[in-house]
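See structure below.
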There are 2 protein chains.
Amino acid sequence: MTTPQLTKNQSLVFDVLEKAEGPLSAYTILDKLRDHGFRAPLQVYRALEKLLEYGVVHRLESINSFVACAHPGDDCHSHGIVAFAICESCGQVMEFHDHEVDHRLMAWVRGQKFKPEKTTIEIRGLCEACAA
Amino acid sequence: MTTPQLTKNQSLVFDVLEKAEGPLSAYTILDKLRDHGFRAPLQVYRALEKLLEYGVVHRLESINSFVACAHPGDDCHSHGIVAFAICESCGQVMEFHDHEVDHRLMAWVRGQKFKPEKTTIEIRGLCEACAA
DNA sequence: TTGCAAATGTTATGTTATTACATCAATTGC
DNA sequence: GCAATTGATGTAATAACATAACATTTGCAA
């Protein structure tokens, strides 16, 4: 999928996520955009919905937050399943891909005739700096 | 870890989850236990906290719900990372384990000197019956 | 220029989870 | 025995996350 031109709200939300150190909740994004005229959660959620669809933003299910994709200008979908390591101390997120993991999960899924739509892999713990 | 004797509230919550067809939200559990004297969400969340700790219940992060562990009488922790396939149509959940997936994720983690605490693997999609 | 689809604005509400504080019951140490 | 501690419970209030419903605006193509 190629990313279409972002609308005003989509750009604002994406910029906030890109400039952020780590993942942000929808309401945190809302607060950061009040100066730009944002008033309601839906303005954020609607933008996020599109950004997720375009693959330029990821949702972290285990912490109800969102991050910009770590592959600028690239298409995340081509990498297979995206996995995340989330530091519970500093909030830093590392994004990675492992084709063997994809392969094993998809093999299991095939065996069950299960039709996968969206797969979540999130490892919560402590990053090197915080574990020290 | 061996599971200690459950308290009254823990037993009530666990029984509800065991008898359920699929995952339940905390508030759904609350509703099912009103007849047994439950009045507040916290009664459910506190019981769930312990049941999760004992490993007899799993939390499904991507749907904010809880399921009884699919290995009755067994200790889930000994199986490594638990993965779930969740049917978005009928709500059915399949629980499985794949040592190779564990191995690959833990290898990545070691390479980053990341210290994992809790790992989530959830595949949302359609089960065989619902995909037909 | 009309008609449509997508995006936006706004209010209200629904859903999930926690904080704060009080009480009760079992256990331990003296 | 009986303080002291610990863990479980009860209750109210609130915080945090997400969507429904409806009105309006915008861009664009027939």
Side-chain angles (χ1 to χ4, degrees), chain A residues 1-17 20 22-54 56-67 86 88 91 118 120 122 124, chain B residues 1-17 20 22-54 56-67 86 88 91 118 120 122 124:
Chain A
M1 187 201 321
T2 170
T3 305
Q5 187 63 35
L6 299 184
T7 67
K8 179 161 157 287
N9 285 3
Q10 288 160 20
S11 294
L12 287 167
V13 169
F14 183 66
D15 286 350
V16 166
L17 282 174
L24 301 178
S25 76
Y27 278 73
T28 302
I29 296 169
L30 174 57
D31 286 341
K32 288 180 183 292
L33 288 175
R34 294 218 185 262
D35 293 346
H36 291 79
F38 274 46
R39 316 277 321 185
L42 211 52
Q43 295 175 285
V44 176
Y45 282 109
R46 285 202 278 229
L48 285 172
E49 183 179 28
K50 288 298 181 183
L51 296 171
L52 289 168
E53 185 184 320
Y54 302 153
V56 296
V57 161
H58 300 295
R59 179 194 176 93
L60 301 175
E61 305 283 359
S62 64
I63 57 172
N64 297 319
S65 295
F66 304 84
V67 278
I86 305 165
E88 293 185 306
K118 179 78 177 66
T120 296
E122 295 175 18
R124 271 133 22 250
Chain B
M1 185 201 324
T2 169
T3 305
Q5 186 64 34
L6 299 183
T7 67
K8 180 160 156 288
N9 284 4
Q10 288 161 20
S11 294
L12 287 167
V13 169
F14 185 65
D15 287 350
V16 166
L17 282 175
L24 301 178
S25 75
Y27 279 76
T28 302
I29 296 169
L30 174 57
D31 286 340
K32 288 180 183 290
L33 288 174
R34 294 217 185 261
D35 294 345
H36 292 78
F38 273 47
R39 315 279 317 184
L42 209 50
Q43 297 175 286
V44 176
Y45 281 109
R46 284 202 280 229
L48 286 171
E49 183 178 27
K50 289 297 181 184
L51 296 171
L52 290 167
E53 186 184 318
Y54 303 152
V56 296
V57 160
H58 299 294
R59 179 193 175 90
L60 301 176
E61 305 283 0
S62 66
I63 58 173
N64 297 318
S65 295
F66 303 85
V67 277
I86 305 165
E88 294 184 304
K118 179 79 176 66
T120 297
E122 295 176 16
R124 278 149 356 267

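As the structure is a computational prediction, the values presented were derived from the model and not from experiment. The chains referred to below are lettered A, B, ... by the order of the sequence lines, with proteins before strands, and numbering in each begins at 1.
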C:dA17 phosphate, OP1 or OP2, under 4.0 Å from B:Arg59 side-chain N/O = yes

Listed in order of residue number, which residues of residues 39-47 of chain A have a non-hydrogen atom at under 4.0 Å from DNA chain C?
-> A:Arg39, A:Ala40, A:Leu42, A:Gln43, A:Arg46

In whole angstrom, what separates A:Phe38's CZ from C:dG9's C1'?
-> 11 Å

Charged N to carboxylate O under 4.0 angstrom, A:Glu53 versus A:Lys50?
-> yes

For the residue pair A:Leu24 and A:Lys32, establish whether any side-chain heavy-atom pair is separated by less than 4.5 Å.
-> yes

Going by heavy atoms closer than 4.0 Å, what residues in residues 9-17 of chain B are next to DNA chain D?
-> B:Asn9

Applying side chain to side chain contact (heavy atoms under 4.5 Å, CB included), name anything that partners B:Arg124, two or more places apart in sequence or on another chain.
-> A:Glu61, A:Lys118, A:Thr120, B:Ser62, B:Ile63, B:Ile86, B:Glu88, B:Glu122

Candidates B:Leu12, B:Val13, B:Leu6 - the one meeting side-chain contact (heavy atoms from CB on, under 4.5 Å) with B:Gln10 | B:Leu6

Residues in contact with DNA chain D, drawn from residues 22-35 of chain A - heavy-atom cutoff 4.0 Å | A:Ser25, A:Tyr27

With B:Asp15, which residues qualify under side chain to side chain donor-acceptor pair (under 3.5 Å), at least two apart?
-> none

Pick out which of B:Val67, B:Leu51, B:Asn64 makes a side-chain contact (heavy atoms from CB on, under 4.5 Å) with B:Arg59.
-> B:Asn64

Between which nucleotides of DNA chain D, 5' to 3', does chain B make heavy-atom contacts below 4.0 Å?
-> D:dA8 to D:dT11

